[in-house]
Amino acid sequence: MPDDTTPQTAPWAEPHDDPAVARVSRRPAGPAESARANRGWWDRAADDYQAEHGGFLQDSGFVWGPEGLTEADAGLLGPRAALRGARILEIGCGAAQCARWLAAQGARVVGVDIALAQLRHSHRIDARTGAGVPVAQADAQLLPFADASFDLACSSFGAFPFLPDAPAALTEAARVLRPGGRLVFSVTHPVRWMFPDDPTEAGMAVVQSYFDRRPYIEEDEQGRAVYVEHHHTLGDWTAAITAAGLRLTALTEPEWPKENRTVWGGWGPHRGRYVPGTAIFTAEK
């Protein structure tokens, strides 16, 4: 298992030319530190992220991960006809591409994201397309909504990879769902944590323990976290879903399609043929 000085990158994050980063460490990071660091990181990275991946994500499109599985094809939130009129919350919405697709199906949807720069991109797309969705800046660890406000909640690689306390985060998501409501969220597949951020043949070697739950942290010169990503095993996520009072109904592990030649950070067609890159959890209250 690598020690704290071993050069490595996060499984989810792409290399980012961030002058704020002085070093990488592996140490505990709590809710407040994680939120502050990731709010700043995404505010700095949002322009580059949307410029590089906006076409893949589409202005109004619901993509569950780099494999390209769409909600239109998967129907994980339920039949498309049932989305009409449903109250839906997108957690970690970024530029609200998923929320915009849901609104086009007739849903009453709102998106939240911790980074203001991401929400500005949402407003930019709204203005260009004329298909606006309401968004708000909020921390997924403390959602600004009343209990039982939504029929569905979803998150496509949104906030959950960055939260230290999985049971608390899922309990908060469950709180805003009505009884019988559904939560569907995608994260980096936990087995990806073992591999370097290299989707080529050279990145097929295991470099760290699956059971090492210390977060990946980028720090500035003063040792303050400027990016934090947390690792939870499949067992951790399952236990957290149960602890939140939810019932796990499905775990989807999309296979990499032969026609998808996209390389996205640590995801790509070579490794995607052998190792799952995305885990999508479906749970009901």
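When a residue number appears, it is its place in the shown sequence, counting from 1.
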Participant: Filter on side chain to side chain donor-acceptor pair (under 3.5 Å), then keep only pairs touching residues 82-94, sequence neighbours left out; what's left?
Facilitator: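 Qualifying pairs: Arg87-Asp151.
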Participant: Which atom pair, heavy atoms only, marks the closest approach of Ala244 to Pro167?
Facilitator: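 Looking at all heavy atoms of both residues, the closest pair is CB-O, 4.4 Å.
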Participant: With the side chain counted from C-beta on, respond yes when Trp42 and Leu116 share a heavy-atom pair under 4.5 Å apart, and no when they do not.
Facilitator: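 Trp42 does not reach Leu116 side chain to side chain.
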Participant: If every non-hydrogen atom of Arg192 is compared with every non-hydrogen atom of Asp197, which pair is closest and at what distance?
Facilitator: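 Smallest interatomic distance, heavy atoms only, reads NH2-OD1, 3.7 Å.
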Participant: For the side chain of Lys285 and the backbone of Leu246, is there at least one donor-acceptor N/O pair under 3.5 Å apart?
Facilitator: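 No: the side chain of Lys285 does not pair with the backbone of Leu246.
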Participant: Do the non-hydrogen side-chain atoms of Trp256 and Val275 ever get within less than 4.5 Å of each other?
Facilitator: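 A side-chain contact is absent here, since even the closest heavy-atom pair is not under 4.5 Å.
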Participant: For Leu119 and Gly94, which heavy atoms make the closest approach, and how far apart are they?
Facilitator: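 So the two residues come closest at CD2-O, 3.8 Å.
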Participant: When you measure from the side chain of Trp264 to the backbone of Gly268, do you find a donor-acceptor pair of N or O atoms at a distance under 3.5 Å?
Facilitator: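 Between the backbone of Gly268 and the side chain of Trp264 there is no qualifying donor-acceptor contact (under 3.5 Å).
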Participant: Quick one: does Leu69's side chain get under 4.5 Å of Pro257's, heavy atoms only?
Facilitator: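 Of all side-chain heavy-atom pairs linking Pro257 with Leu69, none is under 4.5 Å.
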Participant: Could you tell me which non-hydrogen atom of Ser156 sits nearest to which non-hydrogen atom of Cys98, and how far apart they are?
Facilitator: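 The pair with the smallest heavy-atom distance is CB-SG, 4.0 Å.
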Participant: Measuring from Gln105:CD to Leu77:CG, what's the distance to the nearest 0.5 Å?
Facilitator: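 Gln105 CD to Leu77 CG: 10.5 Å, rounded to 0.5 Å.
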Participant: Aromatic rings His232 and His230: how do their planes relate, parallel, tilted or perpendicular, breaks at 30° and 60°?
Facilitator: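 Rings of His232 and His230: parallel, under 30°.
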Participant: Does a donor on one side chain and an acceptor on the other come within less than 3.5 Å for Glu218 and Tyr216?
Facilitator: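 Glu218 vs Tyr216: donor-acceptor pair found between side chains.
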Participant: Is there a side-chain contact between Val112 and Val135 (heavy atoms, below 4.5 Å)?
Facilitator: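 No, too far: nothing below the 4.5 Å cut-off.
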Participant: Does any pair with a residue in residues 58-79 pass salt bridge (charged side-chain N to carboxylate O under 4.0 Å, His left out), and if so which ones, sequence neighbours excluded?
Facilitator: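 Pairs touching residues 58-79 that pass the test: Asp59-Arg128.
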Participant: Within the distance-only criterion (no hydrogens, no angle test), does the side chain of Thr278 pair as donor or acceptor with the backbone N or O of Gly65 below 3.5 angstrom?
Facilitator: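 No, because the side chain of Thr278 does not come within donor-acceptor range (under 3.5 Å) of the backbone of Gly65.
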Participant: Asp198 vs Arg271, test: salt bridge (charged side-chain N to carboxylate O under 4.0 Å, His left out). Steps then yes/no.
Facilitator: CA-CA 9 Å; Asp198 179 353; Arg271 188 157 60 194; over 6 Å; no
Participant: Is the ring centre of Trp267 less than 6.0 Å from the ring centre of Phe157?
Facilitator: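 For Trp267 and Phe157, the ring centres are under 6.0 Å apart.
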Participant: Once the angle between the rings of Phe281 and Phe185 is folded into 0 to 90°, is it parallel (under 30°), tilted (30 to 60°) or perpendicular (over 60°)?
Facilitator: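 Aromatic pair Phe281/Phe185 classed parallel.
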Participant: If you apply the rule side chain to side chain contact (heavy atoms under 4.5 Å, CB included), what do you find for Val109 with Leu89, and how did you get there?
Facilitator: CA-CA 6 Å; Val109 59; Leu89 171 65; over 6 Å; no
Participant: Could you go through the side chain to side chain contact (heavy atoms under 4.5 Å, CB included) check for Cys154 and Ile88 one step at a time?
Facilitator: CA-CA 8 Å; Cys154 60; Ile88 305 178; 4.2 Å; yes
Participant: Could you tell me whether Glu253 atom CD has more than 12 heavy atoms of other residues or ligands within 6.0 Å of it?
Facilitator: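 Yes - once you tally the heavy atoms of other residues, nucleotides and ligands closer than 6.0 Å, there are more than 12.
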Participant: Which atoms form the tightest heavy-atom contact between Trp64 and Leu76, and what is the distance?
Facilitator: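 Heavy-atom minimum between the residues: NE1-CD1, 3.8 Å.
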Participant: Ile241 and Phe160: same hydrophobic cluster, using ILVMFWY side-chain contacts below 4.5 Å?
Facilitator: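 Yes, because Ile241 and Phe160 connect within a single hydrophobic cluster, where side-chain heavy atoms sit under 4.5 Å apart.
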Participant: Keeping Arg175 on the side-chain end and Phe145 on the backbone end, is there a donor-acceptor pair under 3.5 Å?
Facilitator: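 Present.
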Participant: Do any N or O atoms from the side chain of Ser209 and from the backbone of Phe211 form a donor-acceptor pair under 3.5 angstrom?
Facilitator: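 Yes.
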Participant: Would you say the rings of His231 and Tyr210 are close, in the sense that their centroids are separated by under 6.0 Å?
Facilitator: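 They qualify: ring centres under 6.0 Å apart.
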Participant: Might you confirm whether atom CZ of Arg273 has over 12 heavy atoms from other residues, nucleotides or ligands at distances under 6.0 Å?
Facilitator: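 Atom CZ in Arg273 is packed in, count exceeds 12.
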Participant: What's the shortest heavy-atom distance between Ala22 and Asp220, and which atoms?
Facilitator: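 Smallest heavy-atom distance, with atoms named: CB-C, 3.7 Å.
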Participant: Do the side chain of Ser122 and the main chain of Gln118 share a donor and acceptor less than 3.5 angstrom apart?
Facilitator: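 Looks like no, no N/O pair under 3.5 Å.
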Participant: Keeping to residues at least two apart or across chains, list the salt bridge (charged side-chain N to carboxylate O under 4.0 Å, His left out) pairs with something in residues 97-121.
Facilitator: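 As it turns out, the salt bridge (charged side-chain N to carboxylate O under 4.0 Å, His left out) pairs with a partner in residues 97-121, which skip direct neighbours, are Arg100-Asp126.
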Participant: Backbone N or O of Gly40 within a donor-acceptor pair of the Asp43 side chain at under 3.5 Å?
Facilitator: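 Side chain of Asp43 to backbone of Gly40: no pair is present.
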Participant: Has the side chain of Asn38 got a donor or acceptor atom that lies under 3.5 Å from a matching backbone atom of Val228?
Facilitator: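 Answer holds: yes.
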Participant: State plainly whether one hydrophobic cluster holds both Leu183 and Leu163, where clusters connect Ile, Leu, Val, Met, Phe, Trp and Tyr through side-chain heavy atoms under 4.5 angstrom apart.
Facilitator: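 Looking at the clustering, Leu163 is in the same group as Leu183.
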Participant: Is there a donor-acceptor contact under 3.5 Å from the side chain of Ser149 to the main chain of Ala146?
Facilitator: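 Yes, the answer is positive, given that a donor and an acceptor are paired below the 3.5 Å cut-off.
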Participant: Please indicate whether Phe56 has more than 12 foreign heavy atoms, meaning atoms of other residues, nucleotides or ligands, lying under 6.0 Å from its CZ.
Facilitator: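 Atom CZ in Phe56 is packed in, count exceeds 12.
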Participant: Do any N or O atoms from the side chain of Arg178 and from the backbone of Phe150 form a donor-acceptor pair under 3.5 angstrom?
Facilitator: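 Pair absent, no side-chain N/O of Arg178 close to backbone of Phe150.
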